[in-house]
Amino acid sequence: MNESSIKDPIKIALADQRRDWRVTDGTQLSNEINIECDVVIVGSGAGGGTAAEILTQAGLKVVMIEEGPFKSSSDFRMRERDAYPQLYQESAGRQTKDKGITILQGRAVGGSTTINWTSSFRTPPATLKHWRDVWGLADYTEEGLAPWFAKMESRLSIAPWPVAPNENNDILRRGCAKLGIHAAAIRRNVKGCWNLGYCGMGCPTNAKQSMLVTTIPGALDRGMTLIHSARVEKLTSRNGRITSLVARGMAADGVGVNTEAGPHRIFVTARHFVLAGGAINNPGLMLRSRLVDPYNTLGKRTFLHPSPVSAAIMDEKVEAFTGAPQSIYSDHFLDTMPHDGPVGFKLEAPPIHPILAGITLQGFGEAHAMWMKRLPNMHVAIALLRDGFHPQSTGGQVAIRNDGSPVLDYRISDYLWAGMRHSLLVMAEVQFAAGAKIVMPMHEDAKPYRNWLDAKRALEVMTMQTLRTRVASAHVMGGCTMGVDPRTSVTGSDGRHHQLENLWVFDGSVFPTSIGANPQLSIYAMVARNATRLAELAKSPASMVA
Amino acid sequence: MAVSRRTFLKIGVASACVLVAARVLDREVFVLGEARGSLDLRALSNKDAACIAALAGAVLKSILPDDAAARLVAINEVVEAFDRTVAGLSPAVQTEMEELLSLLTFSVTRRFVAGVAKPWDQASEQDVSNFLDGWRQSRFALLQQGYQALVRVIMACWYGNPLSWGKIGYTGPPFGKELGLL
């Protein structure tokens, strides 16, 4: 088989007049658009996509607006230099305000689900318990959510993956086994996966059951209007309700909005407004719109699972650029670390492609080149820190720049730095246990270490500091905290804004802490429940009058 | 390294002044840098391009092709990709990058902030490496940020280029090979 035998279901549907998809490209507007609908959804990722399916199934008239482009499998060429500018926020170079953390986040139809690595975990019970105990979210129980998890797992083909892990993941498994640390296989949202290893550049075979190939086509078949390549600039509120939103088409290069003269604006009035643009963009839009925020909670408590990185050189070929990118994890350092103690972390492995490796490895010149020349033998581990559970981990704060764009100010506390050091030590030990010849923690002061003792000695005294320690994030959460107390949260447990009765936040930005696991399945299940409640409300006669 | 709040504020204000001065003065005492032939640039000036070319040589070293002519082609492709990358940055980050490049290409700040005496196209690889190391190890966040931004973008520009893949043993995307697209 080769790529010419793969059908692109999106391009086929768009060309099929009988399906009558209503899709507008914001870079190609010839008139100003005015639309009225029941529900408008801002964002098309895990939250927006799930909500779109449920709301259209209920017979509601839905409009979805997405800032990124509408790309699909025939556009996914597995080349980093094409994929990152096209499919990621800020060309995959989004960073926190002090540039200390690089954030991988999607910006395309399907949001981050179009480019994520397919890891699927139910919300850890300990996280839900913390939410009930501290945030008063009484209805976030394992039993209560179980049917919603089951529904979305079935919808997105989330299941154990029967194929052996690639070598990069197997090294993590073997290292953990040697040390007696529990590791297990990750469930994935794939159907007929080819095990290519290019999930992060958009799935070229449509095996990944992202929003792009599941719920969004379903919603379009039921009459949803999709406006892509358009940025929502402002929400207007009056008397405790949102009345309308205005969006602007993007310029042809997709970088910013179109500022040339012409009809670039889109006005939407709706009975309900759903925000699903992610934990940086949602607070950004709400701040830009100067929405009511009586207790100054908006944009606060934004979490990232900040992740230090550790590289290793193995004797045998690893070729971490091939095979399913994430298939093994260890929760040992979450399960054995209570929330009120030192920060816990989840161990995983990332894919290693040339650009990702090139920009993450420290140093330059020969020292850097030497590592790149050993790319096929390179293994990399990451540790996702569970931020937001301890008083000394309060997350970041979203603010808006002068031009209205959002920026996340996330200072890494000493509490988190201690966790970074701990996790770098653990990763080095695991890597040596798995047979690594050399381990190099990703830190400006680190050197290649040839044995565990040398690595341990160095890491124990290494200065843990912003910009010196490499920290990455692929998960944005929080910023629109849900809770029962309006003085400490932005929305209720159903995602409804405390002060604006027809504004709903349906994505990971309502999480009051990080998840402690890759968040997509948490978003799917919680949004499925909350969107079902909204659908019932929006269809009730009383709501029609309002 | 402990820097008191007072010192930090002074540095912050001083850096801001230097950046503004570099951008304003640069237009007044603009000396046209060595034009990089026929490069088609959108965001970078010719002076910026000469700077990036010099940086690329020191950042990438032996990972660039060994043959001199091939090396020149590679560096030009890095410069062009750098230009595309800058054009694709969000406006706020693009402004930061423009300020950084102004600082590096204005002769006064190049000499006193970057510590590079000669214009970029005459600086030796060692001069350039010394500059990079100085900023990398600087105790000022602004300079560390500048170092990391430059190196990251150069790395991304080269390792995104199929010309780089042979030396690092990356076999490339599977379909491309089958269909001869690379």
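Here is how names work: the chains are called A, B, and so on, in the same order as the sequence lines, proteins then strands, and each is numbered from 1.
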Is [X] close to chain B through its backbone or its side chain, or both, or neither, when contacts mean heavy atoms under 4.5 Å?
| X | result |
| --- | --- |
| A:Glu444 | both |
| A:Gln89 | neither |
| A:Leu196 | side chain |
| A:Pro376 | both |

Give me the atom names and distance for the closest heavy-atom approach of [X] to [Y].
| X | Y | result |
| --- | --- | --- |
| B:Asn161 | A:Arg81 | CA-NH1, 3.8 Å |
| B:Gln144 | A:Thr466 | OE1-O, 4.3 Å |
| B:Leu89 | A:Val255 | O-CG1, 3.2 Å |

**OP:** Step by step, work out the side chain to side chain contact (heavy atoms under 4.5 Å, CB included) result for B:Leu60 and A:Phe364.
**Re:** CA-CA 7 Å; B:Leu60 298 168; A:Phe364 66 93; over 6 Å; no

Spacing of [X] atom [atom1] and [Y] atom [atom2] [to the nearest 0.5 Å]:
| X | Y | atom1 | atom2 | value |
| --- | --- | --- | --- | --- |
| A:Leu375 | B:Trp165 | CG | CH2 | 11.5 Å |
| B:Tyr170 | A:Ile352 | OH | CD1 | 12.0 Å |
| B:Ile168 | A:Phe321 | CD1 | CZ | 8.0 Å |

Under a 4.5 Å heavy-atom cut-off, does chain A meet the side chain of [X], its backbone, both or neither?
| X | value |
| --- | --- |
| B:Ala58 | backbone |
| B:Gln145 | both |
| B:Leu132 | both |
| B:Ala81 | neither |
| B:Val153 | neither |

Original post:
Listed by residue number, which members of residues 399-408 of chain A have a heavy atom under 4.5 Å from any heavy atom of chain B?
Top reply: A:Arg401, A:Asp403, A:Ser405

**OP:** With a 4.5 Å heavy-atom cut-off (strictly below), which parts of residues 353-363 of chain A touch chain B? List them by number.
**Re:** A:His353, A:Pro354, A:Ile355, A:Gly358, A:Ile359, A:Gln362, A:Gly363

Original post:
Just wondering, do B:Gln148 and A:Gln95 contact through their side chains at under 4.5 Å, heavy atoms?
Top reply: no

Original post:
Any side-chain heavy-atom pair from B:Ser62 and A:Glu366 closer than 4.5 angstrom?
Top reply: yes

Subject >> All salt bridge (Lys or Arg N to Asp or Glu O under 4.0 Å) counterparts of A:Glu167, not counting sequence neighbours >> reply: A:Arg174

With a sphere of 6.0 Å drawn around [atom1] of [X], does it hold more than 12 non-hydrogen atoms of other residues, nucleotides or ligands?
| X | atom1 | answer |
| --- | --- | --- |
| A:Glu316 | CD | no |
| A:Lys317 | NZ | no |
| A:Lys447 | NZ | no |
| A:Arg288 | CZ | yes |

Original post:
Can you list every salt bridge (charged side-chain N to carboxylate O under 4.0 Å, His left out) pair that touches residues 50-72 of chain B, not counting sequence neighbours?
Top reply: B:Lys61-B:Glu125, B:Asp66-B:Lys167, B:Arg71-B:Glu125

Original post:
Can you check side chain to side chain contact (heavy atoms under 4.5 Å, CB included) on A:Lys99 and B:Arg152, steps first, answer last?
Top reply: CA-CA 12 Å; A:Lys99 323 283 186 210; B:Arg152 281 170 67 94; over 6 Å; no

